[in-house]
Amino acid sequence: MAEDKDQKKTSKTILTDEQEELLDLYIQNLDGYYEELKASDAIQVEIETQHLKKILST
């Protein structure tokens, strides 16, 4: 019975353990890139806001 469960478990997995680890690393890198992109966007908005304030105050 234990062998049947192992066979069912392995037959349902699509990726190998190595591929799973690589996919996890890739997703972590994408998450990091996305967070940097959001931070960059926020900085850009702040710069533009300050620039517009400066233009309007003169």
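Just so you know, residue 1 is the first one in the sequence shown, and it goes up from there. Being a predicted model, the structure only gives us computed values, none of them experimental.
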Per side-chain contact (heavy atoms from CB on, under 4.5 Å), Thr49 is matched among Leu52, Ile47, Val45 by Val45
Worksheet item: If you draw a 6.0 Å radius around CG in Asn29, do more than 12 non-hydrogen atoms from other residues or ligands fall strictly inside?
Response: yes
Checklist entry - Within the distance-only criterion (no hydrogens, no angle test), does the side chain of Ser40 pair as donor or acceptor with the backbone N or O of Glu36 below 3.5 angstrom? => result no
| request: List the steps, then state whether side chain to side chain contact (heavy atoms under 4.5 Å, CB included) holds for His51 with Ile55. | output: CA-CA 6 Å; His51 184 68; Ile55 290 172; 3.3 Å; yes
* Connected via hydrophobic side-chain network under 4.5 Å: Leu15 and Ile27 -> yes
Taken to the nearest 0.5 Å, the spacing of Leu37 CG from Leu30 CG works out to 11.5 Å
Those residues at least two apart in sequence (or on a different chain) that pass salt bridge (Lys or Arg N to Asp or Glu O under 4.0 Å) with Lys53 are none
Whether over 12 other heavy atoms sit under 6.0 Å from Glu18 CD: no
CD of Gln28 to CG of Leu23, rounded to nearest 0.5 Å, is 10.0 Å
